[in-house]
Amino acid sequence: MTTDGSITANLTPLPDKVGVEGLEDKWTKDWEKNQTFAFQGDRDRKAVYSIDTPPPTVSGHLHVGHVFSYTHTDIIARYKRMRGYDVFYPMGWDDNGLPTERRVQNYYGVRVDTSLKYDPGFKPPFEGTSSKRIDARDQVPCSRQNFIELCGKLSAQDEQQFKDLWIRLGLSVDWKNSYHTIGERARRVAQKGFLRNLARGEAYQKEAPGLWDVTFQTAVAQAELESREYPGSYHKLAFHKSDGSGDVCIETTRPELLPACVALIANPDDGRYKDLFGTTVLSPLFGVEVPVLAHPAAEMDKGAGIAMCCTFGDVTDVSWWRDLHLPTRAILLRNGRINPETPDWIATAHGREVYAAMSGKTTFSARKVLVEALRESGEMIGEPQPTTRMTNFYEKGDKPLEIITSRQWYLRNGGTDMDLRRQLLDRGAELRFHPDFMRARYGNWVNGLNTDWLVSRQRFFGVPFPLWYPVKTDGVVDYDHPITPSEDRLPIDPTTDVPEGFTEEQRDQPNGFTAEKDIMDTWATSSMTPQIVTHWDEGDGLFEKTYPMDLRPQGQDIIRTWLFSTIVRSHLENHVLPWKDAALSGWILDPDHKKMSKSKGNVVVPKEPIDKFGADAVRYWAACARLGVDATYDTGQMKIGRRLAIKLLNATKFALGIGREDENHHVGQSAQGVWNPADVTEPLDKAAMAKLASVVRRATTALDEFDHAKALNLIETFFWEFCDDYIELVKNRAYGTADDHDDVPSEAAVASARTTLGLGLDAFARLFAPYLPFATEEIWHWMHAGEGSVHRAAWPDADAYESIAADASVSILDNAGAALAALRKVKSEARVSMKTPILSVTLKAMPQGVRDIEAAFGDVLQAGKVTGEARLAELGDEDIAAAGIEADATQTAYDKAAADHLVLTSDAELGEPLAKKKKN
RNA sequence: GGGCGAUUAGCUCAGCUGGUCAGAGCGCCACGUUUACACCGUGGAUGUCGGGGGUUCGAACCCCUCAUCGCCCACCA
């Protein structure tokens, strides 16, 4: 659009019959060929809009939820592009972490062994040709580097599925900017980020009890916890007072931890146990002497009011153990089994016998052994009472977490440092959440942190810590003095790379070095996606043009992980918020309002609806849902989207087709090949432009506020009004004919209608472009062949339409439309064809309505096929009352307003219906 | 237990700072092959705005309270 609002147009042949089929294929190829969505990168930060796209888990399954949230992002990307931004819209693939590790293990029959060297000629035993699951024992060990290579190979296939879907859906991603979370750049950024954290003291290691998953045999972070209901039983056990004066009974759901008991704890104010504080008791079965102590965290109304503290049954035990300086008596191994070696603190023969019976067993089996022994000894009071309690699980695990002492790396995230916490809360306040109420989840989470971020995992596949440790002369590893590589070597794998100043022969030797074998939490990499995609610290200039980024779209379920951890990293590394806006999408619910998830088996594969309704239609369904609002999977909504796309094609074909035979009034081809705003002279046409200006203005505001659904609703509503009322009203005038009427419209009036139709449909192509990229591209090329893509065209400018409208009132369109509807109603109620002429009629409206209808009277009469006398009169009070509009004195202003667009007819006289064709 | 959100027509959902605020589409009923569209058009019917209080001239909207549903966090003796 030029500054005066004129729009050039080139005509191409129009199809006889339009349809949405085939558009996706056609335009996808065109966009690829012309690199329509390529990031240009030649302008400064202000002219760039950068998006931190969520990398989908490639080993996961596609479902319509993906389509939903990625469509929301794409709408914004396309909108910003039309607003003139150079849109930086990369795509990542998440192939780092446990899901991929498991998939690669099973697919190729391999597992990582960090003691192995990289073997360039390594061939996996399987290629996924066998459907048989490979037993873990038969998996062939390979080096981490070989595993990463296999992962890359397999991910490439999985990615292709996602990429195909994204392309089919019309995501305007720049495919040249894609990344892998296990790829070289991601590993380098994650390692560099960590080394910087380490240098600044933000990363530290600590030997401490922590939550541990016995299945995966790794520590897990607070952010990966999930509370689930878990069945258990209360066991009432009798401890014996050391002075022989009787028993103290406690209740526990973990009797198998009895050998790990280090104290009994009660509340200092609990009168029942006051006298016992400072004394000792002997544990049942094992006869281990433990103190009875007071601690305020003990709750009087829980269980017996006195608890046994074991090392470690739960996090409360840990805090008691720490606060009261209790000894450590761990009996649980990392694999979740009871240590086979009988601990030396169990002295009695009977105790050692019982322990021997439970040693080496899982906690579940050990509990059975112990309960039986307690029954026999009579030290269990009554039978176990079944109960259900909430227990912490690793989100990917199916056994309750245990607490195991281990050396782990932590990253400060405000969990222990209140000053940092405040800073991070401030960052949260600075970020614009869409919708805003999602902000509460951020604050909720940050305020609830109780530890720093545990970033080390005892897994094999992932980004390794870029660390070695010195081995002392006596062969002991000196963890306190980690050896780091220089940054220019990154990424490295310490299990195969050698630290500067050492040789490979010194690996694991006295006076040599040893590798840190742990890998980083997958979020330790994902938290740096902004730095990864913007080429942080690479010196190629991209970072300065794209960072801090503009938008982070993501799911609401990962606010505590991805969103929070990204803020942590950016805050620590770049001292800035990583993006201005965060857009949170809701869930997809199935038609029964259940959340769609693989485990529920109610997942819809996205290909189905796209095949059936078309990509534009599926996008329409997604676009109808606001951010943060759960949406029902609704094929009915997709049908409406499909209908909208078809309507858009038809309406445009019609408007462009009018006057094609007429050389002088070719729509879009005036002498200068433009739709010239000066040609819009008729009041009705100006009113349509006025309405368009208002819709553009409001839709633009809505999109600026990330309310794509509201913008769509505004555009769509006006589009249907434009079709049903405006086009119907001006149809005859645009044709320049007057079959049923004496007055042939003037050339100026014809040009006014045609120009308005052209300007209007041009505007709709642009307005719908972010939503229906395929249909709009199609019609765009009917109008603007050779001018490139609608997706690189300018977003409509409300001011330009407003100046075309000049002083015309929007209400002319409203009232002329209402008058046409009133005339249609006459025919509809008489059950005759809309073609039936009206011989005479009186139209009644409010005073403004009368003026408005008068301004478009010719069009109204033409469209209504009024051939005879038409009278225009003001509505009387009795008419208004008859229409059911109350005229209460105190509310006159508002009820009169309700009558503003009320148009009634009276004394209508219908002509002969045109001869009906006989039904065959 | 703490927090966030939702509850409007049979269905899916809009409804902004309290006054165009009882709305849209689907579905339903009736009519109509009209030179863009039968993948259609036109017209119509449909609601104690979850319940109960309160504030106000006026409440779907603000306040209190209860209920139901969903989610987040905490709850492991």
Side-chain angles (χ1 to χ4, degrees), chain A residues 14 17-20 227 230 232 234 250-254 264-266 298-299 302-310 313-317 320 387 389-392 400-401 435 437-441 443-445 447-448 450 556-557 559-560 586-587 589 591 593-595 621 624-626 628-632 634 636-637 639-640 642-643 645-658 698 709-710 713 716-717 720 723-724 727-728 731 735 737 739 821 824-836 865 890-891 893-901 913-914 916-917 919:
Chain A
L14 297 171
K17 177 113 179 121
V18 304
V20 293
S227 274
Y230 192 68
Y234 286 117
I250 61 102
E251 284 188 37
T252 181
T253 54
R254 303 290 308 269
L264 297 192
I265 316 267
E299 295 177 37
K302 246 185 195 170
I306 186 162
M308 79 172 178
C309 173
C310 305
D314 61 35
V315 290
T316 318
D317 286 344
W320 284 335
T387 175
R389 63 225 165 89
M390 297 304 282
T391 306
N392 280 326
L401 293 173
F437 66 79
M438 290 291 181
R439 179 186 302 286
R441 302 199 180 185
N444 230 356
W445 176 252
N447 280 314
N450 50 37
Q556 55 187 320
D557 50 333
I559 290 176
R560 68 177 185 173
W587 306 120
L589 309 174
H593 282 212
K594 295 276 181 288
K595 186 186 158 190
W621 158 74
C624 283
R626 288 171 300 156
V629 174
D630 296 347
T632 310
D634 184 0
Q637 202 69 4
K639 283 181 193 159
I640 297 164
R642 181 185 166 84
R643 197 179 65 146
I646 293 168
K647 187 83 173 179
L648 190 58
L649 295 171
N650 273 314
T652 309
K653 184 190 86 173
F654 169 68
L656 296 178
I658 289 178
R698 286 182 290 154
K710 185 182 194 172
N713 186 258
E716 187 189 6
T717 302
W720 284 101
C723 291
D724 294 347
I727 292 182
E728 291 302 323
K731 203 182 251 186
Y735 273 121
T737 57
D739 311 327
R824 285 170 181 154
K825 188 171 175 176
V826 170
K827 299 178 198 181
S828 192
E829 284 179 348
R831 302 184 167 190
V832 296
S833 157
M834 289 297 141
K835 265 168 97 174
T836 309
K865 314 270 184 219
T890 60
Q891 294 177 21
Y894 304 105
D895 280 350
K896 291 283 188 202
D900 267 359
H901 299 148
L914 297 189
K916 277 192 184 178
K917 279 183 193 164
K919 278 181 189 163

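Here is how names work: the chains are called A, B, and so on, in the same order as the sequence lines, proteins then strands, and each is numbered from 1. All values below come from the heavy atoms of this structure, side chains included, with hydrogens, waters and symmetry mates left out.
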Chemist: Between B:C64 and B:G5, how far apart are the two P atoms, rounded to whole Å?
Modeler: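 Comparing P positions in B:C64 and B:G5 gives a spacing of 13 Å.
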Chemist: Side chain of A:Arg831: nearest nucleotide among B:G2, B:A36, B:C31?
Modeler: B:C31
Chemist: Any idea which of B:C76, B:G3, B:C26 is nearest the A:Asn444 side chain?
Modeler: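 The answer is B:G3.
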Chemist: Expressed as a whole number of Å, how far does the C1' atom of B:C69 sit from that of B:C62?
Modeler: 24 Å
Chemist: Please report, rounded to the nearest Å, how far the P atom of B:C73 is from the CG atom of A:Asp557.
Modeler: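 Spelled out: CG on A:Asp557 to P on B:C73 is 10 Å.
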Chemist: I'd like to know if the side chain of A:Lys827 reaches the main chain of A:Thr836, judged simply by a donor and an acceptor atom lying under 3.5 Å from each other, with no hydrogens or angles considered.
Modeler: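 Yes; at least one donor-acceptor contact below 3.5 Å.
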Chemist: Quick one: what's the B/S/- string for nucleotides 7-17 of chain B, heavy-atom cutoff under 4.0 Å, read 5' to 3'?
Modeler: -----SSSS--
Chemist: How many whole angstroms separate atom CE of A:Met390 from atom P of B:C75?
Modeler: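 Rounded to the whole Å, the gap is 10 Å.
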Chemist: Hey, which sits more toward the 5' end of RNA chain B by its nearest nucleotide, A:Tyr234 or A:Met834?
Modeler: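 It is A:Met834, whose closest nucleotide lies nearer the 5' terminus.
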Chemist: Please report, rounded to the nearest Å, how far the P atom of B:C40 is from the CG atom of A:Leu649.
Modeler: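 Between P of B:C40 and CG of A:Leu649: 13 Å.
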Chemist: Quick one: pull up CG in A:Asp724 and CZ in A:Arg824 and give me the separation to the nearest 0.5 Å.
Modeler: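 Reported value, rounded in 0.5 Å steps: 6.5 Å.
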Chemist: Nearest to the side chain of A:Lys647, heavy atoms from C-beta on, is which of B:G5, B:C37, B:C76?
Modeler: B:C37
Chemist: Do A:Ile727 and A:Phe654 come within less than 4.5 Å of each other through their side chains, counting heavy atoms only?
Modeler: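 A side-chain contact exists here, since the closest heavy-atom pair is under 4.5 Å.
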Chemist: Over all strands shown, is A:Cys309 touching base, sugar-phosphate only, or nothing at heavy-atom distances under 4.0 angstrom?
Modeler: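 The answer is nothing, as A:Cys309 stays clear of every strand by at least 4.0 Å.
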Chemist: Under a 3.5 Å distance rule, please check whether A:Trp621 uses its side chain to pair with a backbone N or O of A:Gly636 as donor and acceptor.
Modeler: no
Chemist: With rounding to the nearest 0.5 angstrom, report the CD to CG distance, A:Gln556 to A:Asp630.
Modeler: 6.0 Å
Chemist: With rounding to the closest Å, how many angstrom separate the P atoms on B:G15 and B:U56?
Modeler: 29 Å
Chemist: As an exercise, state the distance from CD1 of A:Ile265 to CD of A:Glu299, rounded to the nearest 0.5 Å.
Modeler: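 A:Ile265 CD1 to A:Glu299 CD: 13.5 Å, rounded to 0.5 Å.
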Chemist: Suppose you measure atom P in B:U12 against the same atom in B:C4; what distance do you get, rounded to whole Å?
Modeler: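 My reading of the P atoms in B:U12 and B:C4 gives 26 Å.
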Chemist: Between B:C11 and B:G51, how far apart are the C1' atoms? Round to whole Å, please.
Modeler: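 Going atom to atom, C1' in each nucleotide, I get 23 Å.
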Chemist: What nucleotide, of B:C76, B:A36, B:C4, holds the atom closest to the side chain of A:Asn650?
Modeler: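 From the listed options, B:A36 comes nearest.
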Chemist: Measure from the side chain of A:Lys731, starting at C-beta and using heavy atoms only, and say which of B:A36, B:C26, B:C75 lies closest.
Modeler: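 Out of B:A36, B:C26, B:C75, the nucleotide with an atom closest to A:Lys731's side chain is B:A36.
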Chemist: Expressed as a whole number of angstroms, how long is the span from A:Trp720:CH2 to B:C37:P?
Modeler: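 Distance, rounded to whole Å: 14 Å.
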Chemist: Rounding to the closest angstrom, what is the interatomic distance between B:G3 and B:A74 at atom C1'?
Modeler: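 The same atom, C1', in both gives a distance of 10 Å.
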Chemist: Say we look at B:C49 and B:A24: how far apart would their C1' atoms be, to the nearest angstrom?
Modeler: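 Per the computed distance, 15 Å lies between those C1' atoms.
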Chemist: Rounded to the Å, how far apart are A:Tyr735 OH and B:U34 P?
Modeler: 15 Å
Chemist: Measure the spacing between NZ of A:Lys731 and CD1 of A:Ile658 and express it to the nearest 0.5 Å.
Modeler: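 A:Lys731 atom NZ to A:Ile658 atom CD1 measures 8.0 Å (nearest 0.5 Å).
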Chemist: Using the P atom as the point on both nucleotides, what is the distance between B:A60 and B:U42, in whole Å?
Modeler: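 These two P atoms come out 32 Å apart once rounded.
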Chemist: Any donor-acceptor pair under 3.5 Å joining the side chain of A:Glu829 to the base of B:A30?
Modeler: no
Chemist: What nucleotide, of B:A36, B:U42, B:C76, holds the atom closest to the side chain of A:Lys653?
Modeler: B:A36
Chemist: Using the side-chain heavy atoms of A:Lys302, tell me which of these nucleotides is nearest: B:G3, B:A36, B:C75.
Modeler: B:C75
Chemist: Tell me the interatomic distance from A:Arg441, atom CZ, to B:A74, atom C1', rounded to whole angstroms.
Modeler: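 Those two atoms, CZ and C1', are 16 Å apart.
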Chemist: A:Lys17 has a side chain; which of B:C37, B:C73, B:C76 sits nearest to it?
Modeler: B:C37
Chemist: Calculate the interatomic distance between A:Lys825 atom NZ and B:G41 atom C1'; express it in whole Å.
Modeler: 17 Å
Chemist: Among B:C76, B:A36, B:U42, which is the nearest nucleotide to the side chain of A:Asn392?
Modeler: B:C76
Chemist: Please compare A:Arg642 and A:Ala298 by the position of their nearest nucleotide in RNA chain B and report the one closer to 5'.
Modeler: A:Arg642
Chemist: Just verifying a value: how many Å separate A:Arg441 CZ and A:Asp557 CG, rounded to the nearest 0.5 Å?
Modeler: 9.0 Å
Chemist: It should be established whether A:Arg824 places a side-chain nitrogen or oxygen under 4.0 Å from OP1 or OP2 of nucleotide B:G32.
Modeler: no
Chemist: At 4.0 Å (heavy atoms only), tell me whether A:Glu728 reaches a base, stays on the sugar-phosphate, or touches nothing.
Modeler: base
Chemist: May I have the distance from A:Asn447 (atom CG) to B:C72 (atom P), rounded to whole angstrom?
Modeler: 18 Å
Chemist: Hey, what do you get for OH (A:Tyr234) to OG1 (A:Thr252), rounding to the nearest 0.5 Å?
Modeler: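 Between A:Tyr234 OH and A:Thr252 OG1, I get 9.5 Å after rounding to 0.5 Å.
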Chemist: Is the shortest heavy-atom distance from the side chain of A:Glu728 to the side chain of A:Met834 under 4.5 Å?
Modeler: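 The answer is no, as the side chains (C-beta and beyond) never meet within the 4.5 Å cut-off.
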Chemist: So, do A:Ser227 and A:Asn392 sit near enough that their side-chain heavy atoms are less than 4.5 Å apart?
Modeler: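 Yes. Closest side-chain heavy atoms under 4.5 Å.
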Chemist: Check whether any side-chain heavy atom of A:Arg254 lies under 4.5 Å from a side-chain heavy atom of A:Cys310, and answer yes or no.
Modeler: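 No, side chains not in contact.
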Chemist: In dot-bracket form, how is RNA chain B paired, counting a Watson-Crick or G-U wobble pair only if both its distances are under 3.5 Å and using | for bases paired to another strand?
Modeler: (((((((..((((.....[...)))).(((((.......))))).....(((((..]....))))))))))))....
Chemist: Give one of base, sugar-phosphate or nothing for A:Ser227, where a contact means two heavy atoms less than 4.0 Å apart.
Modeler: base
Chemist: Where the side chain of A:Ile640 is defined as all heavy atoms beyond and including C-beta, which of B:C26, B:C31, B:C76 is the nearest nucleotide?
Modeler: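 Looking only at side-chain atoms, A:Ile640 lies closest to B:C26.
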